[in-house]
Novice: 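Okay, here's the structure, questions in a sec.
Hydrogens, waters and symmetry mates are skipped; everything else that's a heavy atom, side chains included, is used. Note that the structure is predicted; figures quoted are calculated from it, not measured.
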Amino acid sequence: MPSKSIDHAFNASELTGAASDPTYAGALSFMRRPYRKDVAGADAVVWGIPFDAAVSNRPGARFGPQAIRRASAIFDNDPQYPFERDLFAEFSVVDYGDCLLDYGNHQETPDRIEAEAGRILDTGAFLFTLGGDHFVTWPLLKAHVARHGPLSLVQFDAHQDTWDDDGKRIDHGSFVARAVREGLVDPDTSIQIGIRTHAPEDFGIQIIYGHELEEMRTGDVASRILARVGNRPAYLTFDIDCLDPAYAPGTGTPVAGGPSTAKMLSILRQLRRLDIRGGDVVEVSPPYDHADVTAIAGASVAMYTLGLMAERRAIERS
């Protein structure tokens with residue numbers, strides 16, 4: 001029998017190195033990374049927030065972290081395309097598990113997310129979060145800004161999420177408005193890609209609408225993002241409904257007319273010069289998914305983001 005591991009997520013003795021579990025078996029951490037609550041020494045941490053009480057249409061994103069982890073198993077032991085390397089040979093990543101939330105007291109949710117994210121960031125690790133609905137990005141931004149200062153927002157989405165907000169709402173459609181008003185993100189260096197709806201405000205954030213995106217080459221989109229952000233620290237948030245429902249049916253507020261998974265992954269691959277300080281993929285809703293199509297897309301977004309970080313660390317260490 002070829003050399004194989006099993007349950008690498010629990011049995012790994014080192015933070016680096018690929019797993020070799022069968023793709024159809026074993027403990028399902030994100031890409032088989034070791035499950036750890038002690039993240040000391042890790043370059044990056046993957047974390048889930050199973051929350052969907054802020055949705056305005058279909059629920060189910062609370063199951064997103066589980067589905068994304070399951071879908072990620074196919075990436076675990078080969079050189080990851082298109083990075084042509086074992087991402088974890090020198091870049092150590094752990095799966096921190098999920099955030100514990102009280103389903104009966106949603107007003108406590110943002111503080112719980114912010115506090116736990118802050119503890120992870122205090123270790124110096126890069127944090128990538130698996131949502132959950134898009135409300136979770138607001139407390140995540142607060143935790144990241146506390147460490148890095150105001151950030152440029154790079155948002156892949158069908159929606160602007162700039163609807164009216166009184167500062168108390170638990171609403172996935174207003175987190176950007178709140179983040180701008182609170183000074184968490186700099187609208188003059190922020191950009192939204194794939195927007196296919198209208199909202200009352202844009203706050204000066206640059207928008208690439210869905211119909212524009214359809215006509216643009218991926219390199220031109222990446223160049224627009226890099227020019228807008230420049231060398232400023234950025235937070236990357238990817239709402240899976242940025243993709244057309246043909247490529248991401250498993251989401252709460254699907255909007256027709258969006259791009260393909262291939263196009264958006266190509267854009268992500270070309271953002272290696274972006275100074276990403278944190279990121280998330282949100283709104284994967286498995287109850288509306290088919291054959292894990294949406295979960296695979298979400299797992300790919302997460303893997304590509306970690307791939308960019310692994311490349312950056314390799315350059316820094318060379």
Side-chain angles (χ1 to χ4, degrees), residues 5-51 61-78 80 83 85-101 112-113 115-132 136-137 140 143-144 236-238 240 276-282 284 286 292 295-310 313:
S5 62
I6 195 69
D7 295 329
H8 181 87
F10 294 119
N11 295 327
S13 59
E14 303 290 339
L15 294 184
T16 53
S20 58
D21 291 25
T23 56
Y24 51 83
L28 290 173
S29 63
F30 183 78
M31 293 183 71
R32 311 286 190 179
R33 294 304 85 209
Y35 271 124
R36 299 280 179 91
K37 290 298 185 184
D38 178 2
V39 302
D43 292 314
V45 174
V46 176
W47 181 43
I49 304 181
F51 178 79
R62 68 182 60 188
F63 301 109
Q66 290 181 343
I68 293 169
R69 287 185 174 103
R70 182 177 66 250
S72 76
I74 198 169
F75 301 135
D76 70 342
N77 58 14
D78 296 322
Q80 277 77 45
F83 299 96
R85 67 175 72 198
D86 169 10
L87 297 185
F88 310 119
E90 298 178 348
F91 184 65
S92 58
V93 179
V94 302
D95 190 325
Y96 189 78
D98 287 342
C99 183
L100 176 62
L101 300 172
R112 286 178 176 266
I113 294 171
E116 194 157 4
R119 288 193 291 272
I120 295 171
L121 291 170
D122 283 344
T123 69
F126 175 85
L127 176 60
F128 191 88
T129 302
L130 313 175
V136 306
T137 300
L140 287 169
H144 283 79
L236 190 153
T237 181
F238 198 110
I240 209 67
I276 305 171
R277 300 297 179 92
D280 61 55
V281 60
V282 297
V284 172
D292 288 339
I296 291 167
S300 298
V301 168
M303 186 269 281
Y304 270 57
T305 306
L306 291 176
L308 294 175
M309 301 307 298
R313 289 296 174 91

Novice: Any chance you could measure T305, atom OG1, to F128, atom CZ, to the nearest 0.5 Å?
Specialist: 4.0 Å
Novice: Decide yes or no on side chain to side chain contact (heavy atoms under 4.5 Å, CB included) for H144 and L127, but give the supporting numbers first.
Specialist: CA-CA 9 Å; H144 283 79; L127 176 60; 4.0 Å; yes
Novice: For D21 and D7, indicate whether the former's side chain and the latter's backbone hold a donor-acceptor pair under 3.5 Å.
Specialist: yes
Novice: Measure from the side-chain N and O atoms of D292 to the backbone N and O of A71, and report whether any donor-acceptor pair falls under 3.5 Å.
Specialist: no
Novice: Shortest non-hydrogen contact from I113 to W47?
Specialist: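 Taking every non-hydrogen atom into account, O-CH2, 3.6 Å.
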Novice: Does the side chain of S92 come under 3.5 Å of the side chain of T16 through a donor N or O and an acceptor N or O?
Specialist: no
Novice: Hey, what do you get for CZ (R70) to CD (Q66), rounding to the nearest 0.5 Å?
Specialist: 8.0 Å
Novice: Measuring from T129:OG1 to I120:CD1, what's the distance to the nearest 0.5 Å?
Specialist: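 It is 7.0 Å, given to the nearest 0.5 Å.
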Novice: To the nearest 0.5 Å, tell me how far L15 CG sits from D43 CG.
Specialist: 9.0 Å
Novice: What closest approach, in Å, do L100 and E116 show between heavy atoms, and which atom pair accounts for it?
Specialist: N-OE1, 4.3 Å
Novice: Please tell me if the side chains of M303 and L87 come closer than 4.5 Å, counting only heavy atoms from C-beta onward.
Specialist: yes
Novice: Restricting to non-hydrogen atoms, name the atom on F75 and the atom on M31 that form the minimum distance, rounded to 0.1 Å.
Specialist: CB-CE, 3.6 Å
Novice: Any donor and acceptor pair, going by atom type alone, linking the side chain of R36 with main-chain N or O of V45 inside 3.5 Å?
Specialist: no
Novice: Determine the minimum heavy-atom distance between A299 and F30, stating which atoms define it.
Specialist: O-CZ, 3.9 Å
Novice: Could you check V94, I68, L306 and say which one makes a side-chain contact (heavy atoms from CB on, under 4.5 Å) with V46?
Specialist: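 Only one of V94, I68, L306 forms a side-chain contact (heavy atoms from CB on, under 4.5 Å) with V46, namely L306.
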Novice: Are more than 12 heavy atoms, taken from residues, nucleotides or ligands other than F63, located less than 6.0 Å from that residue's CZ atom?
Specialist: no
Novice: Go through I49 and L101 one step at a time and tell me if the side chain to side chain contact (heavy atoms under 4.5 Å, CB included) criterion holds.
Specialist: CA-CA 8 Å; I49 304 181; L101 300 172; 4.0 Å; yes
Novice: Could you grab the distance from atom CZ of F126 to atom CZ of F91, nearest 0.5 Å is fine?
Specialist: 7.5 Å
Novice: Output yes when a side-chain donor or acceptor of S5 lies under 3.5 Å from a complementary backbone atom of S20, and no otherwise.
Specialist: yes
Novice: Looking at F83 and L308, what are the two nearest heavy atoms and their distance?
Specialist: CE2-N, 3.8 Å
Novice: Spell out, as yes or no, whether a donor-acceptor pair under 3.5 Å connects the side chain of Y96 to the backbone of G48.
Specialist: no
Novice: How long is the straight-line distance from CZ of R85 back to CD of E90, given to the nearest 0.5 Å?
Specialist: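 Reported to 0.5 Å precision, the distance equals 8.0 Å.
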Novice: Quick check: does any side chain N or O of R32 sit under 3.5 Å from a backbone N or O of I6, one acting as donor and the other as acceptor?
Specialist: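 It does not hold such a pair.
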Novice: So which heavy atom on A19 is nearest to which on H8, and how close?
Specialist: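 Nearest pair, atom of A19 first, then H8: CB-CG, 3.4 Å.
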